[in-house]
Engineer: 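Dropping the structure in here first, questions after.
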Amino acid sequence: MAIEFHRESQTFHLHNAFVSYIFKVLPSGHLGQLYYGRAIHDRPDFDHLFETAYRSMSVCYFDGEPAYSLEHIKQEYPTCGAGDIHLPALDAQAPNGSRLLDLHYQSHTIAPGKPPLEGGELPSTYVEAPEEAATLTVTLADGLAGVTVDLVYTLYEALPVITRHAVIGYTGEGALRLDRAMSFCLDLPDMDYDMVELTGAWARERHIVTRPLAHGVQGVYSLRGCSSHHFNPFLALKRRETTEFLGEVYGFSLVYSGNFAAQADVDPYHVTRVTMGIHPQGFCWHLHRGERFTTPEAVLVYSDRGLNGMSQTYHQLYRTRLARGEWRDKVRPILVNNWEATYFDFNEAKLLSLAGEAKRLGIELFVLDDGWFTGRNDDRGGLGDWQINYGKLPDGIRGFGEKLHEMGLLFGLWIEPEMVNAGTALWNEHPDWVLHEPGRRPQQGRFQYVLDYSNPAVVDWIFARLCSVLDGAPVDYIKWDMNRSISDAYSCAAAGSEQGAVLHRYILGVYRLYRLLTERYPHILFESCASGGARFDPGMLACAPQCWTSDDTDAVERLRIQYGTSLVYPVSSMGAHVAAAPNHQVGRMTSLTMRANVAIFGAFGYELDLTALGAHGQELVARQVAFVKQHRQLLQFGTFWRLQSPFAGNEAAWMTVAPDRSAALVAQYLILQEVNAGYRRLRLAGLDPDRLYRVTRLGSGARAAGQPITACGDELMRAGLVTTDEDPASEGDFVSRLYLLETAE
């Protein structure tokens, strides 16, 4: 790994065994992008890659040099006013009203390791040893405007990963108003890409959508105060011929949980400009002399091994160098959540009955969901006060948790600390702590209102209130929910000129509360949630190592949701539960086996009334639990491969392979049964081609179904595994197959 600066040619080259990123200081002092892609040999001069040409109507930067126009030069961090009329990376207004900025190279530093982001609260990837990465900081400045920009690049040694962010400083008089501050800009020399995005809505999050790039602006965004169900803070550009296994793809992922914009802007000369960062709509941040603003971190991944190669890089980085804390590398406990079993209608006796059955079946963690605090018999009251309902829990949270521990179960608890209901003590005593403009009726969602986390006093109060519940209570797991989009983004604690900073400060407040709680309770496993998957993003993964993937627990819908989520996020981060049938979201009937065979590829658990399953169902659950315990190291931390897309047809398949390739677990799913269908073979991936594997088809409850076969890895990957149905009429719709591969002696 190296970050080179060739002084004579003024060229920077970030490169390791996988990737090269090259840019240079141009004669004008701007930074020009030269190359980003598969690793190439370092040389002292790449000037032949610099492109520009005379274009009619363009503004030339140098007198007498009409070909030198910033409109047509591929740049690292473009601004307004110097001739580039595309969407800029930085747009700011000086006290005199000027938006003109012209940033020139001043200096740079190269250092081993990767420091945390300046400012303290924004999450980011990290290293555990300096030799894992190197960091380049390039300082640009506009002396007249009093603006400096530090462009920060980190290159990981063992991965095709470059992280980028910017730090904007101000040394002038008055206040500089930032209206647009992207985390990075990348100009690619052509437009021959398909854009891949993760799009959806509540209960159908992160569906994969692919479309060819066209001239103009295309992209994804959120203006909901969170990263949203609708679009994920991610996009990829892949070559048209790229598949899951072959071809080039560039991935762009933002470590941020609030409003964002991710765009590809293609100009008439086919240059593609990619930008990503905080959405400029409604954003306004004032910098005074000596102050600095840090943008969220963007993670750029290059793969020449197809989409799976990109995803596996994100999985490894995000699982081991974004997630953190005691639970990062530990297998996750198998849980049962009482929500779909009881909703709000429970008492301690009912909960202990459910918990007793869970313990008998081998489950390890019982999660008490919504409804444990006063005023909370439906979703219309109680949020904000966090007073224990002793009518439901006579011995409180502590007593209930101790009873679970005596049974040999871990204890989990649901909270929604960012919200308040009307009529609570918090609502009545601190109306100014709710996001709203005085004199204007605030809008509600799910009968609740949003607390002003841009106000540190609110965060401090909620932290103290939650500590009063958790201190001394044997809580092992927290499910942190957030159930509405943010409207009325006005803080009663902020001056009028600071209202444009409220939504960003809100997210910083969320990160701060997570930090305070995880530092005080380092042994608790936190799972983030936002009405399912509305805030499933890298920023949350830095706070909590797993997230509730979707409120939709239907196995067929989860095929699409989990397949799409895996484009960026590791299996260990996906909360995945076996729920009741008929399913509570779509009414579909699927077998207990099908439901489990989907959910085991995630942080596994159950969300149904175990006591209502009957003897056969309970026996099946016990076998499923035992199987996951035996194989969860492989399931949660193996290398994940997507094999067949549920977005492409009636089948889906994926697999996970042990790091040493000694074992694998393959899953194939048939959504609707076919009559007199053709033969089926499934080509596997990621195996050792020279190793002999014993392949066991697993039946109901993860027991062997039929005699194992033996085959070499190359055969299974090239000729494939025969998966033709033997008797389709006996199985009906929604069929799943599991195959366990183990090294044959």
Side-chain angles (χ1 to χ4, degrees), residues 238-239 241-249 303-312 315 559 562-563 566-567 571 593-594 597-598 600-601 627 631 634-635 638-699 702-728 730-731 735-745:
K238 73 176 187 69
R239 293 299 186 183
E241 67 277 8
T242 295
T243 68
E244 286 281 13
F245 308 98
L246 299 169
E248 282 195 318
V249 59
S303 169
D304 59 1
R305 299 182 296 112
L307 289 165
N308 269 311
M310 176 197 71
S311 299
Q312 289 160 9
H315 295 175
L559 288 175
Q562 290 175 213
Y563 193 99
S566 76
L567 211 61
V571 167
T593 297
M594 172 70 169
N597 286 353
V598 176
I600 62 173
F601 291 88
F627 178 81
H631 298 288
L634 170 62
L635 284 162
T639 302
F640 187 76
W641 292 85
R642 294 179 300 272
L643 304 178
Q644 290 179 303
S645 172
F647 300 102
N650 191 40
E651 299 177 49
W654 53 50
M655 65 185 291
T656 184
V657 183
D660 64 358
R661 299 191 289 180
S662 63
L665 191 65
V666 181
Q668 187 177 39
Y669 310 93
L670 180 66
I671 298 172
L672 296 180
Q673 193 56 263
E674 299 172 345
V675 176
N676 200 20
Y679 300 105
R680 289 190 175 92
R681 285 194 187 187
L682 182 63
R683 289 186 178 182
L684 306 187
L687 303 175
D688 183 338
D690 301 317
R691 185 171 291 182
L692 189 66
Y693 291 93
R694 181 175 60 255
V695 183
T696 305
R697 177 181 157 185
L698 304 177
R703 286 180 170 175
Q707 291 298 314
I709 65 167
T710 57
C712 280
D714 59 351
E715 174 189 343
L716 293 166
M717 293 188 291
R718 297 169 190 170
L721 179 65
V722 174
T723 62
T724 305
D725 288 335
E726 297 173 0
D727 184 14
S730 68
E731 296 187 286
V735 178
S736 61
R737 297 271 190 272
L738 290 183
Y739 298 88
L740 179 64
L741 279 64
E742 300 169 295
T743 301
E745 298 297 335

Engineer: With a 4.5 Å heavy-atom cut-off, do Val722 and Ile709 have their side chains touching?
Structural biologist: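 Val722 vs Ile709: side chains apart.
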
Engineer: Tell me, with the steps shown, if Asn308 and Phe245 meet side-chain contact (heavy atoms from CB on, under 4.5 Å).
Structural biologist: CA-CA 6 Å; Asn308 269 311; Phe245 308 98; 3.6 Å; yes

Engineer: Counting C-beta onward and ignoring hydrogens, is there a side-chain heavy-atom pair between Val695 and Pro708 closer than 4.5 Å?
Structural biologist: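 In short, these two side chains do not touch, never coming nearer than 4.5 Å.
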
Engineer: With rounding to the nearest 0.5 angstrom, report the OG1 to CG distance, Thr593 to Leu738.
Structural biologist: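 Thr593 OG1 to Leu738 CG: 9.0 Å, rounded to 0.5 Å.
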
Engineer: Give the intermediate values and the outcome of side-chain contact (heavy atoms from CB on, under 4.5 Å) for residues Phe647 and Leu559.
Structural biologist: CA-CA 9 Å; Phe647 300 102; Leu559 288 175; over 6 Å; no

Engineer: Could you check Leu670 against Asn650 for side-chain contact (heavy atoms from CB on, under 4.5 Å), going step by step and ending with a plain yes or no?
Structural biologist: CA-CA 6 Å; Leu670 180 66; Asn650 191 40; 3.3 Å; yes

Engineer: When rounded to the nearest 0.5 angstrom, what distance separates OH in Tyr693 from CD in Glu715?
Structural biologist: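 Reported to 0.5 Å precision, the distance equals 12.5 Å.
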
Engineer: Would the distance check show the side chain of Thr242 and the main-chain N or O of Glu248 forming a donor-acceptor pair, the cut-off being under 3.5 Å?
Structural biologist: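 Yes.
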
Engineer: Where do Ser311 and Arg642 come nearest, in terms of heavy atoms and distance?
Structural biologist: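 Looking at all heavy atoms of both residues, the shortest contact is OG-NH2, 2.8 Å.
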
Engineer: Do the side chains of Glu651 and Arg680 get nearer than 4.5 Å, heavy atoms only?
Structural biologist: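 Yes, their side chains come closer than 4.5 Å.
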
Engineer: Between atom OH of Tyr739 and atom CG of Leu716, what is the distance when rounded to the nearest 0.5 Å?
Structural biologist: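 Tyr739 atom OH to Leu716 atom CG measures 11.5 Å (nearest 0.5 Å).
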
Engineer: Is the shortest heavy-atom distance from the side chain of His315 to the side chain of Thr639 under 4.5 Å?
Structural biologist: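 They are not in side-chain contact.
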
Engineer: Between Glu244 and Leu307, is a side-chain contact (heavy atoms from CB on, under 4.5 Å) present by the stated rule, with each step listed?
Structural biologist: CA-CA 4 Å; Glu244 286 281 13; Leu307 289 165; 3.4 Å; yes

Engineer: Look up atom CG in Leu740 and atom CZ in Phe627, then write down how far apart they are to the nearest 0.5 Å.
Structural biologist: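 Answer rounded to 0.5 Å: 5.5 Å.
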
Engineer: Determine whether Val657 and Leu684 make a side-chain contact, defined as any pair of heavy atoms from C-beta on separated by less than 4.5 Å.
Structural biologist: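 Counting from C-beta outward, Val657 and Leu684 never come under 4.5 Å.
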
Engineer: Restricting to non-hydrogen atoms, name the atom on Gln644 and the atom on Gln668 that form the minimum distance, rounded to 0.1 Å.
Structural biologist: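 Shortest heavy-atom contact: OE1-NE2, 3.1 Å.
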
Engineer: Do Thr723 and Arg737 pair up side chain to side chain, a donor and an acceptor below 3.5 Å, judged on atom types alone?
Structural biologist: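 The answer is no; no qualifying pair exists.
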
Engineer: Would you say Arg661's side chain and Leu687's backbone share a donor-acceptor pair under 3.5 angstrom?
Structural biologist: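 Yes, because the side chain of Arg661 sits within donor-acceptor range (under 3.5 Å) of the backbone of Leu687.
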
Engineer: Rounded to the nearest 0.5 Å, what separates atom CG in Leu692 from atom CG in Asp714?
Structural biologist: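 Spacing of CG (Leu692) from CG (Asp714) equals 10.0 Å.
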
Engineer: What I'd like to find out is whether the side chain of Arg718 reaches to under 4.5 Å of the side chain of Cys712, using heavy atoms alone.
Structural biologist: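 No, every pair of side-chain atoms sits at 4.5 Å or beyond.
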
Engineer: Might you point out which heavy atoms bring Val571 and Leu635 nearest each other, and give the distance in Å?
Structural biologist: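 Heavy atoms of Val571 and Leu635 come nearest at CG1-O, 3.4 Å.
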
Engineer: For Leu634 and Ala663, work out which heavy atoms get closest and say how close.
Structural biologist: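 Looking at all heavy atoms of both residues, the closest pair is CD1-O, 4.1 Å.
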
Engineer: Phe640: what forms a ring-ring contact (aromatic ring centres under 6.0 Å, His included) with it, not counting sequence neighbours?
Structural biologist: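 Only Trp654 meet the ring-ring contact (aromatic ring centres under 6.0 Å, His included) criterion with Phe640.
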
Engineer: Which atoms form the tightest heavy-atom contact between Gly678 and Thr724, and what is the distance?
Structural biologist: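 Looking at all heavy atoms of both residues, the closest pair is O-CG2, 4.4 Å.
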
Engineer: Once rounded to the nearest 0.5 Å, what's the spacing between atom OG of Ser303 and atom CG of Leu246?
Structural biologist: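 So the gap between those two atoms works out to 10.0 Å.
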
Engineer: Considering all heavy atoms of both residues, which atom of Ser662 and which atom of Arg691 are nearest to each other, and what is their separation?
Structural biologist: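 Scanning both residues, the minimum pair turns out to be CA-NH1, 2.8 Å.
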
